[in-house]
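Beneath this line is the structure, given in C-alpha cells, with notes to follow.
The sequence lines fix the lettering, A, B, ..., with proteins before strands; numbering per chain opens at 1.
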2 protein chains.
Amino acid sequence: MDQFARTTKDLGAVLRRARKAQNLTQEQLADRAGLWQRTVSNIETSASGAKLDTIFDLLAALDLEIRIVPRSKMTPADIEDIF
Amino acid sequence: MDQFARTTKDLGAVLRRARKAQNLTQEQLADRAGLWQRTVSNIETSASGAKLDTIFDLLAALDLEIRIVPRSKMTPADIEDIF
DNA sequence: CAGGTTTATGATCCGCAAGGCATATTGACA
DNA sequence: TGTCAATATGCCTTGCGGATCATAAACCTG
C-alpha cells in the first residue's frame, strides 16, 4: 500500500498516517524534527503551504523518503482491482 | 531507475533530470507550471528552500507524482544488483 | 569564434511559514 | 461524565520564497 501524493493535502494525510503508524504524537514528532507542534498540525491539516525543508525534516524524523514517479503509472493494487 | 530524494538538493536534481528527459527548457516548464524561469532555476540548483506548493506545481507540469516510502527499503534494481 | 539560446543571478516588494508562547477544542478512556 | 492527553488555533515577529523587472554568465552549434 504505497502512499502517493499530488497535493499538499495528500501529503499531509500521508504524514499523519505515518506518524500514527509509529505511535508518535505531534509534539514528539515535532521535537524529533526540530519543529513545533503547531507546525506539524498545520502541515497535517494542510492549513498552510509548508516549506519544502520542513517536509524533509519531518520525513527524516519518520525515517521516510520520497520517490518521484510518473503519474499515470498504475500500482499493483490497481491492476488487481481490474481482475 | 527510480528517483528518490531525501533533501531539497536531491529533489532539485531529480526535477532537472525529469525536465531534460522531456526536452523542456526552464522557461517552458515555468510557463506550464505558472511559475517563473527564475524560480525553476532556484529550485533545480536548490538555491532556495522552495515552498511545497511550488514543487507540486512543477510535478504536475511534468506529470509526476510523489511516493512516500520507508528509507532503507531496497528497490528491485538494488536487489538485482546483488545477484 | 560568433550569435543565439538557455540558465544563473541582482534588487525590490509582498505574502506567508515558522518561531515563540499561550489557550481553546477535541478526543479518548476510566 | 469528568479528566487528562492530544490537537487545533490566536497573535506577533522575523526570515525568506516567489513575483516581477533586469542583465550576466554559460552553453551550444554552425
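Contact annotation: the side chain of B/L11 approaches that of A/F56 to within less than 4.5 Å [non-hydrogen atoms, C-beta and beyond].
Under the 3.5 Å distance criterion, the side-chain polar atoms of A/R19 are matched with a main-chain donor or acceptor of A/L24.
Atom CD of residue B/Q22 and atom CG of residue B/D63 lie 7.0 Å apart, to the nearest 0.5 angstrom. Residue A/I68 holds its CD1 atom at 7.0 Å from CG of B/L59, rounded to the nearest 0.5 Å. To the nearest 0.5 angstrom, B/K51 atom NZ is 11.0 Å from B/I43 atom CD1. The distance from atom CG of A/L15 to atom CG of A/L58, rounded to the nearest 0.5 Å, is 6.0 Å.
In this structure B/T7 satisfies the side chain to side chain donor-acceptor pair (under 3.5 Å) test together with B/D10, sequence neighbours excluded. Taking the side-chain contact (heavy atoms from CB on, under 4.5 Å) definition, one finds that A/S46 meets it with A/T8, A/K9, sequence neighbours left out. For B/R16, the side chain to side chain donor-acceptor pair (under 3.5 Å) partners two or more places apart in sequence, or in a different chain, are B/E44. Evaluation of the side chain to side chain donor-acceptor pair (under 3.5 Å) rule for B/D57 yields no partner, not counting sequence neighbours. In this structure, the side-chain contact (heavy atoms from CB on, under 4.5 Å) partners of A/S48, at least two apart in sequence or on a different chain, are A/N42.
Here C/dT7 presents its P atom at 12 Å from CG of B/D31, a figure rounded to the nearest Å. Atom CG of B/L29 is separated from atom P of C/dA8 by 13 Å (rounded to the nearest Å). Atom pair B/L24:CG and C/dT6:P shows a separation of 11 Å (rounding to whole Å applied). The distance from atom CG of A/L35 to atom C1' of C/dG20 is 13 Å, rounded to the nearest whole Å. If you take CZ of A/R16 and C1' of C/dG27, they are 12 Å apart, rounded to a whole angstrom.
Rotation axes derived from the C1' atoms of the five outermost pairs at either end of the helix from C/dC1-D/dG30 to C/dA30-D/dT1 lie 70° apart, to the nearest 10°.
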**Request:** Could you go through the salt bridge (Lys or Arg N to Asp or Glu O under 4.0 Å) check for B/R71 and A/E65 one step at a time?
**Result:** CA-CA 5 Å; B/R71 277 207 174 190; A/E65 71 188 11; 5.0 Å; no
Pick out the pairs of N or O atoms, protein on one side and nucleotides 10-13 of chain C on the other, that lie under 3.5 Å.
residue, atom, partner, partner atom, Å
C/dG10, N7, B/R38, NH1, 3.0
C/dG10, O6, B/R38, NH1, 2.6
C/dA11, N6, B/R38, NH1, 3.1

Distances under 3.5 Å between protein N/O atoms and the N/O atoms of nucleotides 2-4 of chain C, please, pair by pair.
none

Please report, to 0.1 Å, the donor-acceptor pairs under 3.5 Å made by any side chain of residues 27-37 of chain B, with sequence neighbours excluded.
residue, atom, partner, partner atom, Å
B/Q28, OE1, B/T25, N, 2.8
B/R32, NH1, B/A61, O, 3.3
B/Q37, NE2, B/Q26, OE1, 2.9

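Judged by distance alone, with hydrogens and angles left aside, B/Q37 brings a side-chain donor or acceptor within reach of the base of C/dA8, the pair sitting under 3.5 Å.
Residue contacts for B/S41: at a heavy-atom cut-off of 4.0 Å it reaches a base atom on one of the strands shown.
Where DNA chain D meets chain B (any atom under 4.0 Å from a heavy atom), the bounding nucleotides read 5' to 3' are D/dG17 to D/dC21.
Of all the residues in residues 46-56 of chain A, A/S48, A/G49, A/A50, A/K51, A/T54 reach under 4.0 Å from DNA chain C with at least one non-hydrogen atom.
Applying the 4.0 Å criterion to OP1 and OP2 of C/dG19, one finds that A/W36 has a side-chain N or O inside that range.
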